[in-house]
Number of protein chains: 2
Amino acid sequence: MARNTKRTQRGETSLSRERIIEASIALLDAGGEDGLTFRALSERLGTGAGAIYWHIANKSDLLTAACDAIVAPTMRAAVADAAPRAAIRAIGVGMFDAMDVHPWIGSALAQAPSQLPMVRIMEAIGRQVVALGVADAMRWHAGSALLHYILGVAGQNAANTRIARERNLVRGDFLDAVAAQWAALDGEAFAFTRSIAPQLRDHDDRLDFLAGIDVILDGVECARPRP
Amino acid sequence: MARNTKRTQRGETSLSRERIIEASIALLDAGGEDGLTFRALSERLGTGAGAIYWHIANKSDLLTAACDAIVAPTMRAAVADAAPRAAIRAIGVGMFDAMDVHPWIGSALAQAPSQLPMVRIMEAIGRQVVALGVADAMRWHAGSALLHYILGVAGQNAANTRIARERNLVRGDFLDAVAAQWAALDGEAFAFTRSIAPQLRDHDDRLDFLAGIDVILDGVECARPRP
DNA sequence: ACCTGAACACCGTTCAAGT
DNA sequence: ACCTGAACACCGTTCAAGT
């Protein structure tokens with residue numbers, strides 16, 4: 001959209017796509033998804049709201065660009081691993097840790113399917129699935145299952161963080177509140193949910209996330225014949 | 001929040017939680033997530049914008065309630081199946097078909113973690129995982145993997161539908177556009193993505209979705225020892 | 001108990017006008 | 001080429017006032 005590759009005389013003070021994205025990430029980290037507004041952004045950058053539109057097409061593009069600025073280096077780092085299974089776990093861990101610092105990327109990814117950040121994750125996973133020696137017919141399904149699983153976790157994490165923030169709760173208190181809510185459900189209709197409510201408090205999100213990736217990888221490696 | 005269980009004299013014309021939710025679903029189906037505004041809603045219901053707040057706490061609750069009105073009967077129908085693996089597939093298919101008619105439930109689910117609609121899906125899946133005879137230690141991971149996978153697909157479907165609508169594209173043209181976008185990526189950095197771009201056009205979302213569920217179920221059933 | 005509708009405090013985006 | 005900042009067309013939500 002906007003051409004901005006050319007540096008103007010003063011890279012420090014003048015507006016640029018990079019400075020806008022950098023400031024956007026700071027706002028998103030500090031205030032969640034709602035923290036990013038063109039007014040807050042222009043104030044932080046010491047410029048007018050309209051100026052930003054010279055460098056960026058719209059808010060959706062801005063959010064995607066901010067997300068990509070997190071995802072791109074994360075994927076670059078994860079790919080360094082050697083064995084395919086370890087590399088896939090590294091991709092997962094990399095995403096999980098990035099989400100921990102920048103929870104908003106969960107909703108950013110959900111809003112920008114088939115865009116660069118999502119494609120980067122797909123590319124990284126796909127390569128490792130191929131390296132894993134997965135049969136041709138299974139590749140798409142394996143990659144798609146892993147990708148959607150990661151996106152699902154990312155979305156939930158983002159939402160949980162947002163809600164905890166809105167209610168001014170730290171993680172432990174938030175989980176307690178959810179557990180209490182589940183425990184109060186009808187005993188017959190929600191027997192399973194009630195039975196796992198106590199586990200909510202003590203579970204380790206990160207280990208659970210990795211366990212899910214292992215489940216999918218196991219499924220890919222020992223696919224049984226389908227009816 | 002609002003007490004509304006008591007019927008007033010004219011169930012037909014007077015405002016009620018059910019009428020509001022029904023109208024909300026109609027607006028969401030017709031115009032996507034952006035279609036639901038308190039102004040459009042009050043116009044459709046022939047009332048003032050403020051009147052709705054007597055029956056519903058806020059927009060977030062309204063969206064969640066609308067989502068639950070879709071999810072609850074879907075889960076009820078899916079649970080009718082007998083064998084656990086078939087039942088889990090039925091839950092998946094039920095959600096997929098519901099998403100096809102009401103794509104916005106994808107983002108509604110993403111915005112309301114640990115709320116009723118999501119709990120219903122978790123409950124339905126959890127029961128079947130137990131019925132499957134999954135070892136105690138594996139239950140949580142199995143249920144969580146299935147749930148997050150379904151939520152991931154739901155979110156992507158919702159976003160794809162939204163974007164296609166925004167650009168006034170039918171599904172085929174939208175997929176062509178994405179495939180063209182992917183094909184134009186750098187050949188070296190995005191070799192995998194480029195290689196699967198042609199498959200985008202002809203793939204069957206529904207079959208892929210079910211294949212993903214099967215991958216996870218296979219992984220659950222033949223878990224291999226972990227390092 | 002339930003509804004009205006104007007008002008409030010925001011949004012993203014545009015665009016004539018400046019330099 | 002790049003920036004300003006007022007203006008536009010919206011939002012969700014509140015609340016005094018009505019019935």
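From a predicted model like this one, the values you see are computed outputs, not experimental measurements. A note on names: the letters A, B, ... follow the listed sequences, proteins ahead of strands, and every chain is numbered from 1.
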Under a 3.5 Å cut-off for both contacts, is [N] paired Watson-Crick or G-U wobble with anything, and if yes, with which nucleotide?
N      : answer
C:dC3  : none
D:dA9  : none
D:dA17 : none

[X] [atom1] to [N] [atom2], straight-line distance once rounded to whole Å:
X     : N      : atom1 : atom2 : value
B:N58 : D:dC15 : CG    : P     : 15 Å
B:I20 : D:dG12 : CD1   : P     : 14 Å
A:I52 : C:dC11 : CD1   : C1'   : 14 Å
A:F38 : D:dT4  : CZ    : C1'   : 16 Å
B:D34 : C:dG12 : CG    : P     : 13 Å
A:E43 : C:dC11 : CD    : P     : 11 Å
B:R39 : C:dG5  : CZ    : P     : 14 Å
B:L41 : C:dC3  : CG    : C1'   : 15 Å

Query raised in the report: Which nucleotide, D:dT4, D:dG12, C:dG12, lies nearest any side-chain atom of A:Y53?
Result: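 Closest nucleotide among those given: C:dG12.
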
With the side chain defined as heavy atoms from C-beta on, A:T37 is closest, among C:dC3, C:dC11, D:dG12, to C:dC11

Original post:
Does B:H55 have a side-chain nitrogen or oxygen under 4.0 Å from the phosphate oxygens OP1 or OP2 of C:dC3?
Top reply: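 B:H55 to C:dC3 OP1/OP2: side-chain N or O found under 4.0 Å.
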
* Asked: Side-chain N or O of B:W54 less than 4.0 angstrom from OP1 or OP2 on C:dC2?
  ->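 Indeed not, no polar side-chain atom of B:W54 lies that close.
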
Between A:L36 and A:A51, whichever has its closest DNA chain C nucleotide further toward 5' is A:L36

- So does B:R171 pair up with B:D205, basic N to acidic O under 4.0 Å? yes

With a 4.0 Å cut-off on N to O distance, would you call A:E123 and A:R127 a salt bridge?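 Here A:E123 pairs with A:R127 in a salt bridge, since their nearest N and O are under 4.0 Å apart.
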
- Message: Strictly distance-based, threshold 3.5 Å: is any side-chain N or O of A:R194 a donor or acceptor partner for the main-chain N or O of A:A183?
- Response: yes

Quick one, A:L15 and A:W54 - any side-chain contact, counting heavy atoms below 4.5 Å?
no

- Query: How are the rings of A:H148 and B:Y149 set to each other: parallel, tilted or perpendicular (split at 30° and 60°)?
  - Reply: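 Answer is perpendicular, since the angle exceeds 60°.
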
Using the C1' atom as the point on both nucleotides, what is the distance between D:dC2 and C:dA17, in whole Å?
13 Å

